[in-house]
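Each remark here refers to the structure printed beneath this line.
Keep in mind that this is a model prediction, so the values were computed, not measured.
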Protein chains: 2
Amino acid sequence: MKDGPDIARIANLIGDPGRANMLAALMSGKALTAGELASEAGVRGQTASGHLTKLEEGGLIARERQGRHHYFRLADSDVAGVLEALMGLAAAKGQLRTRTGPRDPELRHARVCYNHLAGELGVTLYDGLRARGVLVGSGDDVTLSDPGREEMARLGIELSTKSRSPECKSCLDWSARRMHLAGRLGRAILDHAFSEGWAMRPEGTRIVRFTGLGEGAFRKTFQV
Amino acid sequence: MKDGPDIARIANLIGDPGRANMLAALMSGKALTAGELASEAGVRGQTASGHLTKLEEGGLIARERQGRHHYFRLADSDVAGVLEALMGLAAAKGQLRTRTGPRDPELRHARVCYNHLAGELGVTLYDGLRARGVLVGSGDDVTLSDPGREEMARLGIELSTKSRSPECKSCLDWSARRMHLAGRLGRAILDHAFSEGWAMRPEGTRIVRFTGLGEGAFRKTFQV
DNA sequence: AGCACAGTTCGGCCTGCGCCGAACCATTCA
DNA sequence: TGAATGGTTCGGCGCAGGCCGAACTGTGCT
(Lines give C-alpha, C1' and ligand atoms only; values in the text may rest on other atoms or scores of the structure.)
Protein backbone atom coordinates (compact mmCIF):
# COMPACT_ATOMS: atom_id res chain seq x y z
CA MET A 1 0.00 0.00 0.00
CA LYS A 2 1.31 3.31 -1.12
CA ASP A 3 4.73 2.09 -1.92
CA GLY A 4 6.25 2.57 -5.29
CA PRO A 5 6.62 5.56 -7.52
CA ASP A 6 4.08 8.30 -7.47
CA ILE A 7 2.23 7.21 -10.53
CA ALA A 8 -0.77 9.39 -9.73
CA ARG A 9 1.12 12.66 -10.01
CA ILE A 10 2.26 11.90 -13.53
CA ALA A 11 -1.04 10.43 -14.66
CA ASN A 12 -2.79 13.47 -13.25
CA LEU A 13 -0.57 15.73 -15.36
CA ILE A 14 -1.54 13.82 -18.48
CA GLY A 15 -5.14 13.55 -17.37
CA ASP A 16 -6.21 17.12 -18.05
CA PRO A 17 -7.68 17.47 -21.54
CA GLY A 18 -5.74 20.63 -22.30
CA ARG A 19 -2.41 19.20 -21.24
CA ALA A 20 -3.15 15.92 -22.99
CA ASN A 21 -3.74 17.78 -26.24
CA MET A 22 -0.44 19.60 -25.85
CA LEU A 23 1.41 16.36 -25.23
CA ALA A 24 -0.31 14.72 -28.18
CA ALA A 25 0.77 17.60 -30.38
CA LEU A 26 4.34 17.21 -29.14
CA MET A 27 4.28 13.52 -30.08
CA SER A 28 5.28 14.67 -33.56
CA GLY A 29 8.74 15.12 -32.11
CA LYS A 30 8.76 18.73 -33.24
CA ALA A 31 9.36 21.51 -30.76
CA LEU A 32 6.40 23.87 -30.55
CA THR A 33 6.02 27.33 -29.07
CA ALA A 34 3.78 28.18 -26.16
CA GLY A 35 1.36 29.97 -28.48
CA GLU A 36 1.06 27.04 -30.84
CA LEU A 37 0.43 24.71 -27.93
CA ALA A 38 -2.20 27.06 -26.55
CA SER A 39 -4.18 26.88 -29.77
CA GLU A 40 -3.67 23.11 -29.88
CA ALA A 41 -5.21 22.85 -26.47
CA GLY A 42 -7.94 25.34 -27.27
CA VAL A 43 -7.12 27.65 -24.37
CA ARG A 44 -5.74 31.16 -23.89
CA GLY A 45 -2.10 31.90 -23.47
CA GLN A 46 -2.17 32.36 -19.72
CA THR A 47 -3.81 29.01 -19.15
CA ALA A 48 -1.38 27.30 -21.48
CA SER A 49 1.51 28.92 -19.67
CA GLY A 50 0.30 27.48 -16.40
CA HIS A 51 -0.06 24.02 -17.89
CA LEU A 52 3.37 24.18 -19.47
CA THR A 53 5.15 25.06 -16.25
CA LYS A 54 3.37 22.19 -14.55
CA LEU A 55 4.39 19.76 -17.25
CA GLU A 56 7.93 21.04 -17.08
CA GLU A 57 8.11 20.70 -13.30
CA GLY A 58 6.73 17.21 -13.65
CA GLY A 59 9.58 16.34 -15.99
CA LEU A 60 7.36 15.50 -18.93
CA ILE A 61 8.49 18.26 -21.24
CA ALA A 62 11.63 20.35 -21.69
CA ARG A 63 11.79 24.04 -22.42
CA GLU A 64 14.21 25.84 -24.67
CA ARG A 65 14.26 29.64 -24.75
CA GLN A 66 15.06 31.21 -28.08
CA GLY A 67 14.68 34.94 -28.23
CA ARG A 68 11.19 35.81 -27.21
CA HIS A 69 9.91 32.36 -28.06
CA HIS A 70 9.82 29.38 -25.76
CA TYR A 71 10.03 26.07 -27.52
CA PHE A 72 8.75 22.94 -25.83
CA ARG A 73 9.36 19.30 -26.62
CA LEU A 74 8.81 15.99 -24.88
CA ALA A 75 11.47 15.44 -22.22
CA ASP A 76 12.67 12.07 -23.48
CA SER A 77 11.60 8.96 -25.32
CA ASP A 78 10.34 7.38 -22.12
CA VAL A 79 7.62 9.99 -21.99
CA ALA A 80 6.79 9.38 -25.63
CA GLY A 81 6.60 5.67 -24.91
CA VAL A 82 4.14 6.15 -22.09
CA LEU A 83 1.98 8.38 -24.27
CA GLU A 84 1.99 5.86 -27.10
CA ALA A 85 1.05 3.14 -24.63
CA LEU A 86 -1.82 5.27 -23.35
CA MET A 87 -2.98 5.95 -26.89
CA GLY A 88 -2.91 2.27 -27.66
CA LEU A 89 -4.91 1.49 -24.56
CA ALA A 90 -7.41 4.25 -25.20
CA ALA A 91 -7.86 3.03 -28.76
CA ALA A 92 -8.32 -0.51 -27.54
CA LYS A 93 -11.03 0.63 -25.16
CA GLY A 94 -12.85 2.17 -28.08
CA GLN A 95 -12.55 5.70 -26.82
CA LEU A 96 -11.57 7.08 -30.19
CA ARG A 97 -12.34 10.71 -30.49
CA THR A 98 -13.25 10.43 -34.17
CA ARG A 99 -12.99 14.09 -34.94
CA THR A 100 -12.58 13.29 -38.63
CA GLY A 101 -11.56 16.53 -40.23
CA PRO A 102 -10.69 16.99 -43.89
CA ARG A 103 -7.01 16.42 -43.23
CA ASP A 104 -7.64 13.00 -41.80
CA PRO A 105 -7.07 10.87 -44.91
CA GLU A 106 -3.54 12.18 -45.20
CA LEU A 107 -2.91 11.58 -41.51
CA ARG A 108 -4.18 8.07 -41.76
CA HIS A 109 -2.03 7.36 -44.78
CA ALA A 110 1.35 8.37 -43.42
CA ARG A 111 2.29 10.29 -40.35
CA VAL A 112 5.10 10.56 -37.92
CA CYS A 113 4.86 8.77 -34.58
CA TYR A 114 7.48 10.32 -32.32
CA ASN A 115 10.35 9.72 -34.74
CA HIS A 116 9.26 6.90 -37.00
CA LEU A 117 6.68 6.24 -39.68
CA ALA A 118 3.13 5.34 -38.72
CA GLY A 119 -0.16 5.13 -40.57
CA GLU A 120 -1.11 2.80 -43.42
CA LEU A 121 2.28 3.10 -45.04
CA GLY A 122 4.03 2.35 -41.77
CA VAL A 123 1.93 -0.76 -41.30
CA THR A 124 2.58 -1.85 -44.89
CA LEU A 125 6.31 -1.42 -44.37
CA TYR A 126 6.26 -3.42 -41.17
CA ASP A 127 4.25 -6.27 -42.65
CA GLY A 128 6.43 -6.35 -45.75
CA LEU A 129 9.67 -6.49 -43.81
CA ARG A 130 8.39 -9.32 -41.69
CA ALA A 131 7.04 -11.25 -44.68
CA ARG A 132 10.44 -11.02 -46.35
CA GLY A 133 12.32 -12.12 -43.25
CA VAL A 134 14.14 -8.84 -42.73
CA LEU A 135 12.49 -8.72 -39.37
CA VAL A 136 12.10 -11.92 -37.43
CA GLY A 137 10.45 -12.76 -34.16
CA SER A 138 7.06 -13.60 -32.79
CA GLY A 139 4.30 -11.29 -31.67
CA ASP A 140 5.50 -7.80 -30.98
CA ASP A 141 9.00 -8.99 -30.22
CA VAL A 142 11.00 -8.53 -33.39
CA THR A 143 14.69 -8.24 -34.26
CA LEU A 144 16.67 -7.58 -37.41
CA SER A 145 17.85 -10.83 -39.05
CA ASP A 146 21.42 -11.10 -40.32
CA PRO A 147 20.47 -10.91 -44.01
CA GLY A 148 18.15 -8.06 -43.09
CA ARG A 149 20.98 -6.21 -41.44
CA GLU A 150 23.11 -6.62 -44.57
CA GLU A 151 20.31 -5.38 -46.77
CA MET A 152 19.80 -2.27 -44.68
CA ALA A 153 23.51 -1.53 -44.77
CA ARG A 154 23.47 -1.94 -48.57
CA LEU A 155 20.62 0.55 -48.84
CA GLY A 156 22.59 3.07 -46.85
CA ILE A 157 20.37 2.97 -43.77
CA GLU A 158 22.60 3.95 -40.89
CA LEU A 159 21.56 2.96 -37.40
CA SER A 160 22.72 5.51 -34.92
CA THR A 161 24.64 3.75 -32.20
CA LYS A 162 24.54 6.57 -29.71
CA SER A 163 21.01 5.98 -28.52
CA ARG A 164 20.51 3.05 -26.20
CA SER A 165 16.97 2.54 -27.42
CA PRO A 166 16.30 -0.90 -28.88
CA GLU A 167 17.19 -1.49 -32.49
CA CYS A 168 13.76 -2.74 -33.42
CA LYS A 169 10.56 -2.25 -31.60
CA SER A 170 6.97 -2.80 -32.55
CA CYS A 171 4.68 0.10 -31.94
CA LEU A 172 0.91 -0.24 -31.89
CA ASP A 173 -0.76 2.17 -34.25
CA TRP A 174 -3.84 3.65 -32.67
CA SER A 175 -5.69 4.39 -35.90
CA ALA A 176 -5.11 1.10 -37.68
CA ARG A 177 -4.74 -1.04 -34.54
CA ARG A 178 -1.82 -2.65 -36.28
CA MET A 179 1.86 -2.84 -35.53
CA HIS A 180 4.44 -0.67 -37.18
CA LEU A 181 8.17 -0.29 -36.83
CA ALA A 182 9.75 1.86 -34.12
CA GLY A 183 13.17 1.78 -32.50
CA ARG A 184 16.45 2.91 -34.04
CA LEU A 185 15.68 1.14 -37.33
CA GLY A 186 12.29 2.79 -37.62
CA ARG A 187 13.85 6.16 -37.07
CA ALA A 188 16.66 5.53 -39.56
CA ILE A 189 14.22 4.50 -42.29
CA LEU A 190 12.13 7.62 -41.87
CA ASP A 191 15.25 9.80 -41.87
CA HIS A 192 16.33 8.05 -45.05
CA ALA A 193 13.02 8.83 -46.72
CA PHE A 194 13.44 12.51 -45.87
CA SER A 195 17.07 12.74 -46.96
CA GLU A 196 16.30 11.02 -50.27
CA GLY A 197 13.66 13.63 -50.91
CA TRP A 198 10.87 11.06 -51.09
CA ALA A 199 8.78 12.83 -48.51
CA MET A 200 8.50 16.01 -46.47
CA ARG A 201 6.77 17.24 -43.37
CA PRO A 202 4.32 20.15 -43.71
CA GLU A 203 4.97 22.56 -40.88
CA GLY A 204 3.19 21.99 -37.63
CA THR A 205 1.52 18.73 -38.55
CA ARG A 206 2.31 15.08 -38.07
CA ILE A 207 1.64 14.34 -41.72
CA VAL A 208 4.39 12.74 -43.78
CA ARG A 209 3.66 13.80 -47.37
CA PHE A 210 5.24 11.55 -49.97
CA THR A 211 5.64 12.73 -53.55
CA GLY A 212 4.24 10.40 -56.19
CA LEU A 213 7.71 9.41 -57.30
CA GLY A 214 8.89 9.31 -53.71
CA GLU A 215 6.31 6.81 -52.59
CA GLY A 216 7.12 4.65 -55.58
CA ALA A 217 10.81 4.74 -54.75
CA PHE A 218 10.05 3.97 -51.11
CA ARG A 219 7.93 0.96 -51.99
CA LYS A 220 10.47 -0.29 -54.50
CA THR A 221 13.40 0.12 -52.13
CA PHE A 222 11.73 -1.81 -49.34
CA GLN A 223 9.88 -4.10 -51.75
CA VAL A 224 6.43 -3.59 -50.33
CA MET B 1 -6.16 19.30 -33.55
CA LYS B 2 -7.63 16.83 -31.13
CA ASP B 3 -7.26 13.74 -33.23
CA GLY B 4 -6.29 10.43 -31.82
CA PRO B 5 -7.59 8.41 -28.92
CA ASP B 6 -8.91 10.08 -25.82
CA ILE B 7 -5.80 9.66 -23.78
CA ALA B 8 -6.91 12.25 -21.22
CA ARG B 9 -9.92 10.27 -20.05
CA ILE B 10 -7.79 7.25 -19.17
CA ALA B 11 -4.94 9.23 -17.68
CA ASN B 12 -7.46 11.12 -15.60
CA LEU B 13 -8.79 7.84 -14.20
CA ILE B 14 -5.28 6.83 -13.16
CA GLY B 15 -4.48 10.35 -12.00
CA ASP B 16 -6.47 10.32 -8.78
CA PRO B 17 -4.35 9.19 -5.81
CA GLY B 18 -7.02 6.87 -4.47
CA ARG B 19 -7.62 5.15 -7.77
CA ALA B 20 -3.89 4.97 -8.48
CA ASN B 21 -3.36 3.17 -5.18
CA MET B 22 -6.07 0.69 -6.04
CA LEU B 23 -4.55 0.01 -9.44
CA ALA B 24 -1.11 -0.36 -7.90
CA ALA B 25 -2.50 -2.89 -5.46
CA LEU B 26 -4.07 -4.80 -8.33
CA MET B 27 -0.71 -4.96 -10.09
CA SER B 28 -0.04 -8.02 -7.97
CA GLY B 29 -2.31 -9.85 -10.37
CA LYS B 30 -4.49 -10.97 -7.51
CA ALA B 31 -8.18 -10.18 -7.49
CA LEU B 32 -9.11 -8.02 -4.51
CA THR B 33 -12.45 -7.17 -2.94
CA ALA B 34 -13.92 -3.70 -2.77
CA GLY B 35 -13.20 -3.51 0.95
CA GLU B 36 -9.57 -4.45 0.58
CA LEU B 37 -9.17 -1.88 -2.16
CA ALA B 38 -10.82 0.75 -0.01
CA SER B 39 -8.27 0.26 2.74
CA GLU B 40 -5.47 0.20 0.17
CA ALA B 41 -6.63 3.56 -1.06
CA GLY B 42 -7.18 4.88 2.44
CA VAL B 43 -10.81 5.85 1.86
CA ARG B 44 -14.22 4.71 3.04
CA GLY B 45 -16.28 2.11 1.30
CA GLN B 46 -18.65 4.50 -0.44
CA THR B 47 -15.83 6.46 -1.96
CA ALA B 48 -14.07 3.32 -3.08
CA SER B 49 -17.26 2.04 -4.64
CA GLY B 50 -17.53 5.19 -6.71
CA HIS B 51 -13.95 4.91 -7.87
CA LEU B 52 -14.36 1.28 -8.77
CA THR B 53 -17.39 1.84 -10.95
CA LYS B 54 -15.52 4.62 -12.73
CA LEU B 55 -12.52 2.38 -13.32
CA GLU B 56 -14.81 -0.36 -14.54
CA GLU B 57 -16.65 1.93 -16.94
CA GLY B 58 -13.31 3.15 -18.19
CA GLY B 59 -12.34 -0.42 -19.01
CA LEU B 60 -9.33 -0.48 -16.71
CA ILE B 61 -10.59 -3.13 -14.31
CA ALA B 62 -13.00 -6.04 -14.45
CA ARG B 63 -15.49 -7.03 -11.79
CA GLU B 64 -16.47 -10.51 -10.75
CA ARG B 65 -19.35 -11.03 -8.33
CA GLN B 66 -19.04 -13.92 -5.96
CA GLY B 67 -21.68 -14.14 -3.31
CA ARG B 68 -21.73 -10.92 -1.42
CA HIS B 69 -18.16 -10.09 -2.42
CA HIS B 70 -17.11 -8.22 -5.51
CA TYR B 71 -13.67 -9.15 -6.76
CA PHE B 72 -11.76 -6.75 -8.95
CA ARG B 73 -8.74 -7.31 -11.14
CA LEU B 74 -6.97 -5.42 -13.90
CA ALA B 75 -8.88 -5.71 -17.16
CA ASP B 76 -6.02 -7.08 -19.25
CA SER B 77 -2.27 -7.06 -19.57
CA ASP B 78 -2.33 -3.90 -21.68
CA VAL B 79 -3.51 -2.03 -18.62
CA ALA B 80 -0.79 -3.62 -16.54
CA GLY B 81 1.73 -2.60 -19.16
CA VAL B 82 0.65 1.01 -19.08
CA LEU B 83 0.85 1.05 -15.30
CA GLU B 84 4.33 -0.47 -15.33
CA ALA B 85 5.38 2.13 -17.89
CA LEU B 86 4.03 4.89 -15.70
CA MET B 87 5.83 3.48 -12.67
CA GLY B 88 9.06 3.35 -14.60
CA LEU B 89 8.64 6.92 -15.74
CA ALA B 90 7.71 8.15 -12.28
CA ALA B 91 10.74 6.38 -10.82
CA ALA B 92 12.96 7.88 -13.50
CA LYS B 93 11.68 11.34 -12.63
CA GLY B 94 12.71 10.75 -9.07
CA GLN B 95 9.25 10.98 -7.67
CA LEU B 96 9.64 8.01 -5.43
CA ARG B 97 7.24 8.07 -2.58
CA THR B 98 9.67 6.50 -0.14
CA ARG B 99 7.05 5.52 2.39
CA THR B 100 9.48 3.06 3.90
CA GLY B 101 7.40 1.01 6.26
CA PRO B 102 8.60 -2.02 8.19
CA ARG B 103 7.54 -4.36 5.43
CA ASP B 104 9.73 -2.64 2.93
CA PRO B 105 12.84 -4.82 3.19
CA GLU B 106 10.81 -7.88 2.32
CA LEU B 107 9.10 -6.07 -0.55
CA ARG B 108 12.40 -4.95 -1.92
CA HIS B 109 13.85 -8.42 -1.70
CA ALA B 110 11.22 -10.34 -3.65
CA ARG B 111 7.79 -9.36 -4.77
CA VAL B 112 5.36 -10.10 -7.50
CA CYS B 113 5.08 -7.72 -10.44
CA TYR B 114 1.84 -8.47 -12.24
CA ASN B 115 2.60 -12.17 -12.63
CA HIS B 116 6.36 -12.50 -12.46
CA LEU B 117 9.15 -12.08 -9.93
CA ALA B 118 10.52 -8.62 -9.19
CA GLY B 119 12.75 -7.16 -6.50
CA GLU B 120 16.39 -7.95 -5.79
CA LEU B 121 15.90 -11.64 -6.39
CA GLY B 122 14.18 -10.96 -9.71
CA VAL B 123 17.06 -8.76 -10.81
CA THR B 124 19.59 -11.39 -9.70
CA LEU B 125 17.76 -14.05 -11.68
CA TYR B 126 17.65 -11.91 -14.78
CA ASP B 127 21.33 -10.99 -14.63
CA GLY B 128 22.31 -14.59 -13.97
CA LEU B 129 20.31 -15.96 -16.88
CA ARG B 130 21.84 -13.42 -19.21
CA ALA B 131 25.37 -14.03 -17.95
CA ARG B 132 24.95 -17.75 -18.59
CA GLY B 133 23.54 -17.27 -22.08
CA VAL B 134 20.11 -18.65 -21.30
CA LEU B 135 18.78 -15.29 -22.34
CA VAL B 136 20.40 -13.54 -25.27
CA GLY B 137 19.86 -10.17 -26.87
CA SER B 138 20.89 -6.59 -26.46
CA GLY B 139 19.43 -3.94 -24.23
CA ASP B 140 15.94 -4.75 -23.09
CA ASP B 141 15.30 -6.93 -26.11
CA VAL B 142 15.97 -10.48 -25.00
CA THR B 143 14.98 -13.93 -26.20
CA LEU B 144 15.46 -17.48 -24.97
CA SER B 145 18.48 -19.14 -26.62
CA ASP B 146 18.20 -22.73 -27.90
CA PRO B 147 20.32 -24.24 -25.10
CA GLY B 148 18.36 -22.07 -22.68
CA ARG B 149 15.10 -23.45 -23.98
CA GLU B 150 16.38 -27.01 -23.48
CA GLU B 151 17.49 -26.23 -19.97
CA MET B 152 14.13 -24.81 -19.02
CA ALA B 153 12.37 -27.85 -20.43
CA ARG B 154 14.71 -30.09 -18.44
CA LEU B 155 13.84 -28.21 -15.26
CA GLY B 156 10.17 -28.76 -15.91
CA ILE B 157 9.35 -25.13 -16.62
CA GLU B 158 6.33 -25.19 -18.85
CA LEU B 159 5.62 -22.19 -21.01
CA SER B 160 1.92 -21.78 -21.51
CA THR B 161 1.25 -21.47 -25.22
CA LYS B 162 -2.22 -20.12 -24.86
CA SER B 163 -1.23 -16.56 -24.14
CA ARG B 164 0.00 -14.53 -27.06
CA SER B 165 2.20 -12.43 -24.81
CA PRO B 166 5.88 -12.51 -25.71
CA GLU B 167 7.95 -15.38 -24.40
CA CYS B 168 10.54 -13.12 -22.83
CA LYS B 169 10.25 -9.53 -21.95
CA SER B 170 12.36 -7.23 -19.86
CA CYS B 171 10.51 -5.30 -17.25
CA LEU B 172 11.99 -2.27 -15.54
CA ASP B 173 11.91 -2.59 -11.80
CA TRP B 174 10.94 0.69 -10.22
CA SER B 175 12.66 0.14 -6.91
CA ALA B 176 15.99 -1.13 -8.16
CA ARG B 177 15.87 0.67 -11.53
CA ARG B 178 17.12 -2.58 -13.00
CA MET B 179 15.68 -5.03 -15.47
CA HIS B 180 14.00 -8.24 -14.49
CA LEU B 181 12.27 -10.99 -16.41
CA ALA B 182 8.65 -10.76 -17.51
CA GLY B 183 6.72 -12.48 -20.31
CA ARG B 184 5.57 -16.09 -20.36
CA LEU B 185 8.93 -17.35 -19.13
CA GLY B 186 8.93 -14.98 -16.18
CA ARG B 187 5.48 -16.13 -15.24
CA ALA B 188 6.36 -19.81 -15.60
CA ILE B 189 9.40 -19.47 -13.37
CA LEU B 190 7.42 -17.82 -10.60
CA ASP B 191 4.69 -20.46 -10.87
CA HIS B 192 7.40 -23.10 -10.63
CA ALA B 193 8.75 -21.58 -7.43
CA PHE B 194 5.29 -21.69 -5.89
CA SER B 195 4.49 -25.23 -7.00
CA GLU B 196 7.85 -26.49 -5.73
CA GLY B 197 7.00 -25.02 -2.37
CA TRP B 198 10.03 -22.73 -2.38
CA ALA B 199 7.96 -19.65 -1.73
CA MET B 200 4.49 -18.46 -0.84
CA ARG B 201 2.46 -15.29 -1.03
CA PRO B 202 1.17 -13.82 2.24
CA GLU B 203 -2.44 -12.79 1.73
CA GLY B 204 -3.12 -9.37 0.39
CA THR B 205 0.46 -8.34 -0.18
CA ARG B 206 2.80 -8.35 -3.12
CA ILE B 207 5.55 -10.00 -1.11
CA VAL B 208 6.99 -13.31 -2.30
CA ARG B 209 8.28 -14.99 0.84
CA PHE B 210 10.90 -17.64 0.18
CA THR B 211 11.74 -20.23 2.80
CA GLY B 212 15.41 -20.55 3.67
CA LEU B 213 15.66 -23.88 1.90
CA GLY B 214 13.44 -22.62 -0.91
CA GLU B 215 15.65 -19.69 -1.76
CA GLY B 216 18.69 -21.99 -1.75
CA ALA B 217 16.95 -24.40 -4.11
CA PHE B 218 15.86 -21.53 -6.32
CA ARG B 219 19.39 -20.16 -6.57
CA LYS B 220 20.86 -23.58 -7.19
CA THR B 221 18.30 -24.49 -9.84
CA PHE B 222 18.88 -21.32 -11.82
CA GLN B 223 22.57 -21.16 -10.87
CA VAL B 224 22.55 -17.63 -9.58
C1' DA C 1 12.90 55.82 -27.65
C1' DG C 2 8.64 53.76 -28.86
C1' DC C 3 5.86 50.11 -30.41
C1' DA C 4 4.47 45.26 -31.19
C1' DC C 5 4.39 40.76 -29.78
C1' DA C 6 5.44 36.37 -26.95
C1' DG C 7 5.00 34.70 -22.41
C1' DT C 8 4.30 35.00 -17.49
C1' DT C 9 2.14 36.44 -13.10
C1' DC C 10 -1.77 37.87 -10.34
C1' DG C 11 -6.46 37.76 -8.70
C1' DG C 12 -10.95 36.26 -8.80
C1' DC C 13 -14.70 33.32 -10.57
C1' DC C 14 -16.80 28.99 -10.87
C1' DT C 15 -17.30 24.24 -11.91
C1' DG C 16 -16.05 19.51 -10.98
C1' DC C 17 -15.28 16.04 -8.13
C1' DG C 18 -13.47 13.60 -4.11
C1' DC C 19 -15.10 12.75 0.39
C1' DC C 20 -18.20 11.21 3.97
C1' DG C 21 -22.80 10.27 6.87
C1' DA C 22 -26.82 7.98 6.38
C1' DA C 23 -29.94 5.11 4.31
C1' DC C 24 -30.68 1.32 1.27
C1' DC C 25 -29.97 -3.64 -1.25
C1' DA C 26 -28.06 -8.39 -1.13
C1' DT C 27 -26.07 -12.44 0.77
C1' DT C 28 -24.92 -15.48 4.47
C1' DC C 29 -25.61 -17.55 8.89
C1' DA C 30 -27.96 -18.60 13.18
C1' DT D 1 -36.91 -14.48 10.37
C1' DG D 2 -33.71 -11.48 12.23
C1' DA D 3 -28.94 -10.01 12.73
C1' DA D 4 -24.40 -9.25 10.72
C1' DT D 5 -21.62 -8.05 6.93
C1' DG D 6 -20.16 -6.41 2.20
C1' DG D 7 -21.45 -3.03 -1.38
C1' DT D 8 -24.04 0.57 -3.50
C1' DT D 9 -26.81 4.89 -3.84
C1' DC D 10 -28.04 9.49 -2.39
C1' DG D 11 -27.32 14.15 -0.83
C1' DG D 12 -24.61 17.71 0.68
C1' DC D 13 -20.13 19.83 1.92
C1' DG D 14 -15.80 21.86 0.74
C1' DC D 15 -11.66 22.38 -1.69
C1' DA D 16 -8.63 21.99 -5.62
C1' DG D 17 -7.76 23.57 -9.88
C1' DG D 18 -8.89 25.13 -14.61
C1' DC D 19 -10.16 29.27 -16.85
C1' DC D 20 -9.89 34.09 -18.12
C1' DG D 21 -9.18 39.55 -17.84
C1' DA D 22 -5.79 42.59 -16.79
C1' DA D 23 -1.36 44.00 -15.74
C1' DC D 24 3.69 43.10 -16.08
C1' DT D 25 8.40 41.41 -18.16
C1' DG D 26 11.41 40.67 -21.78
C1' DT D 27 12.80 40.57 -26.66
C1' DG D 28 13.01 42.30 -31.33
C1' DC D 29 12.00 45.78 -34.87
C1' DT D 30 12.08 50.57 -36.62
Do the side chains of [Y] and [X] get nearer than 4.5 Å, heavy atoms only?
X	Y	result
B:R19	B:K54	yes
A:L13	A:L55	yes
B:H192	B:W198	yes
B:H116	B:L181	no

Atom pairs under 3.5 Å, N or O on each side, protein against nucleotides 13-16 of chain D: can you list them with distances?
none

Can A:Q46 and A:H51 be counted as having a side-chain donor-acceptor contact under 3.5 angstrom?
no
Does [X] make a side-chain N or O approach to OP1 or OP2 of [N] shorter than 4.0 Å?
X	N	result
A:K54	D:dG18	yes
A:R19	D:dG18	yes
B:R65	C:dT27	no
A:H51	D:dC19	yes

For atom [atom1] of [X] and atom [atom2] of [N], their distance in whole Å:
X	N	atom1	atom2	answer
B:I61	D:dG7	CD1	P	13 Å
B:R44	C:dC19	CZ	C1'	11 Å
B:R9	C:dG16	CZ	C1'	15 Å
B:E56	D:dT9	CD	C1'	15 Å
B:N21	C:dC19	CG	P	10 Å

Counting primed atoms, P, OP1 and OP2 as sugar-phosphate and everything else as base, the B/S/- map of nucleotides 2-14 of chain C against protein heavy atoms under 4.0 Å is --BBSSBB-----
Determine whether A:H70 and A:E56 satisfy the following criterion, side chain to side chain donor-acceptor pair (under 3.5 Å), listing intermediate values before the conclusion.
CA-CA 12 Å; A:H70 292 209; A:E56 190 186 8; over 6 Å; no
Do the side chain of A:T221 and the main chain of A:A217 share a donor and acceptor less than 3.5 angstrom apart?
yes
Is the backbone of A:G15 close enough, under 3.5 Å, to the side chain of A:N12 for a donor and an acceptor to pair up by distance?
no
Applying side-chain contact (heavy atoms from CB on, under 4.5 Å), run through A:L37 and A:L52 and close with a yes or a no.
CA-CA 9 Å; A:L37 288 168; A:L52 288 168; 3.8 Å; yes
